[in-house]
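Okay, so here's the structure we're looking at.
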Amino acid sequence: MQERKYHAYTLQNYKQIPQIRMLTDDQLEAIEVVGRVLPFKSNNYVVEELIDWNNIPHDPIFTLTFPRKEMLSKKHYNAILTLLHAGADEKTIRDKAHEIRLELNPNPGDQQHNVPVMDKIKLHGIQHKYRETVLFFPSQGQTCHAYCTFCFRWPQFSGMNELKFAMKEADLLHKYLLKHPKVTDVLFTGGDPLTATAKILSVYIEPLLGKEFSHIRHIRIGSKSLAYWPYRFLTDKDADELLGLFEKVTKAGKHLAFQAHFNHPIELSTEVVKQAVQRIKNTGAQIRTQSPLLRYINDQWETWAQLWKEQVSLGLIPYYMFIARDTGAKPFFEVPLEKAWHIYRKAYSKVSGICRTVRGPSMSASPGKIQLLGVSEVKGEKVFVLRFLQCRNPDLVDIPFFAKYDPKATWFDQLQPAFGEKEFFFQHHLSVEKEGYLMWE
Ligand SMILES: *Cc1c(COP(=O)(O)O)cnc(C)c1O
Ligand code: SF4
């Protein structure tokens, strides 16, 4: 196959996209204004093969990577627009954009809390919230082949260095893992760690195949490359080397778990993505899939049922449906919890058992991953039934608990305990001050 050259489109050069002429003046203005605040990047594959330019602004993949006016509040939108009209200098605009970002909850879910300390050094590239699983953010993978407009890691891309979780030293990661024999999973994440070269990834991953790391059973890679740039596995210069690395992991008897982000069935429809999936599977790796539920992108049960069916036909394993986090353009994308559950349940009921490996809708909140099991009635009170899929305190996983029914709630922190109770059952077991990794030492 011939090499496909990657072209990124950002605020600097998006006018070179031939189809951009199909946008209205208002839509172009929105790119200029919103693109100053939220990260904006698309690429030639997304633009040419995934977006239907006859369906703007409703096209789900357009909404996924292009800024739209409604993604900012009127107040924030007008503040930037006024500066642009007045011909303000770059620095003034940048400062205003920075100020607005700080109002958009740039660091949700208490992520800073999970950064461990070893020998008095704060390990900024590591998060260790759940006993078995360590998240690692290779500093070379803190970008993506395109940016999602809903992304909760967006401060990492918009020049907010003080929030950047990045660590160069593979050494520190390996030392940390040697000290923590209960860890079985290392999850490489980002950004998209597969924007790093195969050589760099080898520096992190290959040592983990040695005898002293026998406790590390699962090497996990969270990536959106299959959806945004399948050529990463086909014609990029080090595509073969990358697949060779995957194969080394599986040949060493470890599980290479690829966590692929797919938000819409269109992302699974091209020939190249199908070929890329096949090549990854040929290495012995397994691909699990996850996505948040997003208004205007995938808020129909039919979309999810189709997504899971297509995935299973391609040999992928549906894994998580998330509720979008409370950050950035959340007011634009949010779906009430009750509606999310209806979409999940309806889609789940329409697919065969083989697709029902998925779990959701799930919220990654500070105590853990909380799944909404449904709406029910207990002793005359309408309630939400919830459980932990993951928890800082592993003993609390899978115990059903109850919150007052609230048809408007879109996130866990808006919920109250049911039955007039003062706190949720887990609250006296979990002190927020206590870091996860300290809790089970
Ligand atoms: C989801 C998640 C993981 C992985 O959890 P699994 O349930 O094992 O997939 C690890 N760390 C954090 C912080 C997470 O949100
Ligand atoms: S691929 Fe993931 S990390 Fe990258 S912009 Fe999208 S949601 Fe964010």
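Read the numbers this way: they start at 1 and go in the same order the structure lists the ligands and their atoms.
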Check: Which heavy-atom pair separates A227 from L50 by the least distance, and what is that distance?
Finding: O-CD1, 3.5 Å
Margin query: Considering both backbone and side-chain atoms of Y320, is one of its nitrogen or oxygen atoms within less than 3.5 Å of a nitrogen or oxygen in ligand 1?
Written below: yes
Note to self: Heavy atoms only: which of Q290, H128, K369 lies closest to atom 3 (C) of ligand 1?
What the structure shows: K369
Margin query: Quick check on R295: does its CZ atom have over 12 non-hydrogen neighbours (other residues, nucleotides or ligands) under 6.0 Å away?
Written below: yes
Next item on the list: Taking the side chain as every heavy atom from C-beta outward, state whether N393 and F426 have any pair of such atoms under 4.5 Å apart.
Entry: no
Notebook entry, point to check: If you measure from each heavy atom of G191 to ligand 2, is any distance below 4.0 Å?
Noted result: yes
Note to self: Is the positively charged end of R220 above the ring of F258, judged by distance under 6.0 angstrom from the centroid and angle within 45° of the axis?
What the structure shows: no
Checklist line | atom 4 (Fe) of ligand 2: the protein heavy-atom neighbour that sits closest, reported with distance to 0.1 Å | finding: C144 SG, 2.2 Å
Margin query: Main chain of I100, side chain of E103: is a donor-acceptor contact present, judged purely on distance under 3.5 Å?
Written below: no
Next item on the list: Check ligand 1 against T133 and write out every atom of the ligand that is under 4.0 Å from a heavy-atom position of the residue.
Entry: 10 (C)
Check: Taking heavy atoms and a distance under 4.0 Å, where does C148 meet ligand 2: side chain, backbone, both or neither?
Finding: both
Next item on the list: Could you find the nearest protein heavy atom to atom 2 (Fe) of ligand 2 and give me its residue, atom name and distance?
Entry: H261 ND1, 3.9 Å
Check: Which residue owns the protein heavy atom closest to atom 11 (N) of ligand 1, what's the atom, and how far is it?
Finding: L135 CD1, 2.8 Å
Margin query: Looking only at protein heavy atoms, which one is nearest to atom 12 (C) of ligand 1, and what is the separation?
Written below: Y130 CE1, 3.5 Å
Check: Starting from atom 8 (Fe) of ligand 2, which protein heavy atom do you reach first, and at what distance in Å?
Finding: C151 SG, 2.2 Å
Next item on the list: Carefully, step by step, assess Q275 and R279 under the rule side-chain contact (heavy atoms from CB on, under 4.5 Å).
Entry: CA-CA 6 Å; Q275 287 172 21; R279 287 202 85 192; 5.6 Å; no
Next item on the list: Ignoring hydrogens and angles, state whether a donor on the side chain of K41 or T143 is under 3.5 Å from an acceptor on the partner side chain.
Entry: yes
Checklist line | Residue selection (non-hydrogen contact nearest atom 9 (O) of ligand 1) among Q390, R220, E132, Q259 | finding: R220
Checklist line | R387 versus Q371, side-chain donor and acceptor atoms under 3.5 Å | finding: yes
Check: If only atom types and distance count, is the side chain of D238 paired as donor or acceptor with the main-chain N or O of T197 below 3.5 Å?
Finding: no
Margin query: Under 4.0 Å from a heavy atom of Y319: which atoms of ligand 1 are those, numbered in the order shown and with their elements?
Written below: 6 (P), 7 (O), 8 (O), 9 (O)
Item checked: Top protein contact for atom 1 (S) of ligand 2, by heavy-atom distance -> K224 CB, 3.3 Å
